[in-house]
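Working notes for the structure below.
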Amino acid sequence: MKTLEFKNGDKLPMIGLGTWKSKPGEVYQAVLWAIEAGYRHIDCAAIYDNEKEVGKALDYAMKNNMVKREELFITSKLWNSSHRLEDVQPALSKTLIDLRLDYVDLYLIHWPVSFKPGVGFAQTREEFYTYGDVPLSQTWQGMEQCVDTGLTRHIGVSNFNISKLKEIMESARIAPEMNQIELHPFLLQDNLVNFCKANGILLTAYSPLGSSDRAASIKKANEPSLLDHPTVKQIAEEKGASAAQVLIAFSLHREIAVIPKSVNKERIAQNLEAMQLSLDDKEMSTLSNIGLTYRFVDGSFFTGPISPYSLADLWETV
Ligand code: A2P
């Protein structure tokens with residue numbers, strides 16, 4: 001298994017199982033299939049509303065000697081409603097109870113957007129906190145405390161742009177070690193990727209296959225398809241691989257970890273086998289110049305007239 005390395009030598013398996021959109025009733029089996037197939041990295045989050053079921057599967061796998069805790073790399077994420085200093089550790093403690101673990105390997109601030117305690121998705125202006133109410137640096141202090149108390153081995157962020165990374169880096173005692181962002185041939189984010197690499201921040205690509213199983217409410221009409229894009233399909237055909245494998249290998253070749261979601265046994269195995277797929281410079285260049293820029297998870301569900309946040313707060317470029 002190819003890995004990325006943290007500063008202390010800990011290793012992150014480059015392909016992980018994504019669990020966003022994996023429904024309770026599906027994710028238990030998906031996690032067990034993944035572990036059986038050889039996955040050792042599972043990507044979770046409190047807001048996915050399935051951590052209890054993931055935890056049940058992890059517990060089963062460890063009790064039945066399929067895998068040892070120290071062989072697994074488990075990531076989870078702090079939801080927007082727990083950004084105040086005093087709310088961060090309790091949120092991770094709840095996740096640990098759900099996942100049936102003593103610690104996670106990596107804990108991320110899920111979004112640079114803050115809601116009042118108990119709010120799932122803010123629907124009114126009153127349900128939001130602003131950056132003035134809860135600065136990102138305060139949330140980061142809570143994340144650092146989670147390392148101090150051993151609840152997580154590593155901390156990082158998700159959906160952070162360069163200026164927001166700089167903002168927390170200025171006052172950080174422990175530097176962010178990961179930025180999990182949307183990355184694929186329609187969204188290369190070269191500036192942000194280069195900034196992270198230059199500052200020792202590892203990257204994980206989410207929605208590497210285009211997340212076409214998103215709820216209709218967070219999907220636009222006529223979205224382009226990554227898996228059906230003619231360039232991706234052509235390279236897949238030439239290599240005797242699937243389109244999904246080409247997209248996963250694309251991230252691996254950029255030295256970026258990748259977390260394809262699947263709840264299907266064959267596709268879970270197939271996605272891990274992308275580790276063996278080698279793309280040459282010409283194929284990488286063709287995929288990088290596909291001629292289409294598109295962000296599937298555009299964060300517009302956190303912006304708009306009732307929100308103190310704008311798309312410009314989230315993204316420096318599209
Ligand atoms: P399923 O869970 O039924 O396999 P993303 O990782 O970008 O969020 O994309 C997830 C979507 O891609 C899901 O609809 C998932 O469906 C589908 N998917 C996962 N792996 C493959 C694959 N190898 N081939 C085609 N579709 C896949």
Side-chain angles (χ1 to χ4, degrees), residues 13-39 41-45 47-51 53-54 57 75-77 108 110-111 158-159 180-189 203-220 223-237 239-252 254 256-277 279 287 290 292-299 301:
M14 284 187 78
I15 298 180
L17 179 74
T19 63
W20 176 40
K21 307 175 263 76
S22 300
K23 296 182 189 65
E26 293 176 339
V27 77
Y28 174 80
Q29 185 61 73
V31 170
L32 289 181
W33 281 330
I35 291 172
E36 256 169 30
Y39 284 75
H41 167 187
I42 316 283
D43 183 82
C44 314
I47 196 63
Y48 300 165
D49 208 17
N50 58 12
E51 285 193 327
E53 197 171 316
V54 173
T75 300
S76 184
K77 310 186 193 85
L108 307 176
H110 205 149
W111 285 90
S158 182
N159 297 299
Q180 182 180 124
I181 52 178
E182 180 176 337
L183 290 169
H184 44 67
F186 293 169
L187 196 68
L188 301 174
Q189 308 213 58
L203 289 142
T204 301
Y206 77 65
S207 297
L209 311 179
S211 289
S212 62
D213 56 341
R214 272 167 300 135
S217 55
I218 56 164
K219 234 175 136 173
K220 296 206 173 69
E223 283 191 343
S225 166
L226 267 171
L227 286 165
D228 291 333
H229 192 280
T231 303
V232 178
K233 281 171 77 171
Q234 192 190 331
I235 293 177
E237 205 170 302
K239 310 291 281 193
S242 71
Q245 287 176 321
V246 168
L247 293 167
I248 295 164
F250 178 75
S251 270
L252 301 180
R254 298 178 82 199
I256 292 171
V258 56
I259 46 169
K261 170 267 174 184
S262 181
V263 291
N264 172 279
K265 187 176 186 182
E266 284 71 38
R267 290 192 285 275
I268 287 170
Q270 180 201 116
N271 293 347
L272 189 65
E273 283 160 17
M275 199 70 91
Q276 272 76 52
L277 179 61
L279 300 174
L287 289 165
I290 215 159
L292 206 161
T293 299
Y294 195 82
R295 190 188 287 279
F296 292 101
V297 183
D298 72 355
F301 34 86

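Numbering of ligands and ligand atoms starts at 1, following listing order. Quick note: residue numbers are just sequence positions, from 1. As the structure is a computational prediction, the values presented were derived from the model and not from experiment.
For ligand 1 and G210, the ligand atoms under 4.0 Å from any heavy atom of the residue are 7 (O). Against a heavy-atom cut-off of under 4.0 Å, P260 is close to the following atoms of ligand 1: 6 (O). Within ligand 1, counting atoms from 1 as listed, the ones closer than 4.0 Å to a heavy atom of A244 are 22 (C), 23 (N), 24 (N). Near S207, the atoms of ligand 1 lying under 4.0 angstrom from a non-hydrogen atom of the residue are 7 (O).
Here the heavy atom of the protein found nearest to atom 18 (N) of ligand 1 is L209 CD1, 3.8 Å. Nearest non-hydrogen protein atom to atom 5 (P) of ligand 1 is S211 OG, 3.5 Å. Distance from atom 11 (C) of ligand 1 to its nearest protein heavy atom, with residue and atom name: D213 OD1, 3.7 Å. The closest protein non-hydrogen atom to atom 27 (C) of ligand 1 is R267 CD, 3.6 Å.
For S242, the closest heavy-atom approach to ligand 1 does not fall below 4.0 Å.
Contacts between N271 and ligand 1, counted as non-hydrogen atom pairs separated by less than 4.0 Å, involve the side chain only. When non-hydrogen atoms are compared, ligand 1 lies under 4.0 Å from the backbone of K261 as well as from its side chain. Within the 4.0 Å heavy-atom criterion, the part of K21 lying near ligand 1 is the side chain and not the backbone. Counting heavy atoms under 4.0 Å from ligand 1, residue S22 does not touch it at all.
With contacts defined as side-chain heavy-atom distances shorter than 4.5 Å, the pair F186/V232 does not qualify. Side-chain contact between K21 and V263 is absent, with no heavy atoms from C-beta onward closer than 4.5 Å.
When I259, L17, I15 are each tested for a side chain to side chain contact (heavy atoms under 4.5 Å, CB included) with H41, only one passes: I259.
Taking OG of S211 as the start and CD of E223 as the end, the distance is 9.5 Å to the nearest 0.5 Å. Distance check: L187 CG to R295 CZ gives 5.0 Å after rounding to the nearest 0.5 Å. Atom CG of L247 and atom CG of L252 lie 11.0 Å apart (nearest 0.5 Å).
Looking at S262 next to ligand 1, an N or O pair under 3.5 Å apart turns up.
Checking L227, I268, I248 against atom 26 (N) of ligand 1, the nearest heavy atom belongs to L227.
Aromatic pair Y206/H184: centroids not less than 6.0 angstrom apart.
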For this session: Step by step, work out the side-chain hydrogen bond (donor to acceptor under 3.5 Å, both in side chains) result for D43 and Q180.
Result: CA-CA 10 Å; D43 183 82; Q180 182 180 124; 2.9 Å; yes
Exercise. What do the steps show when you test H229 against Y294 for ring pair (Phe, Tyr, Trp, His ring centres under 6.0 Å), and what is the final call?
Worked result: CA-CA 13 Å; H229 192 280; Y294 195 82; over 10 Å; no
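Electrostatic pairing of D213 and K261 counts as a salt bridge here, judged by a charged N lying under 4.0 Å from a carboxylate O.
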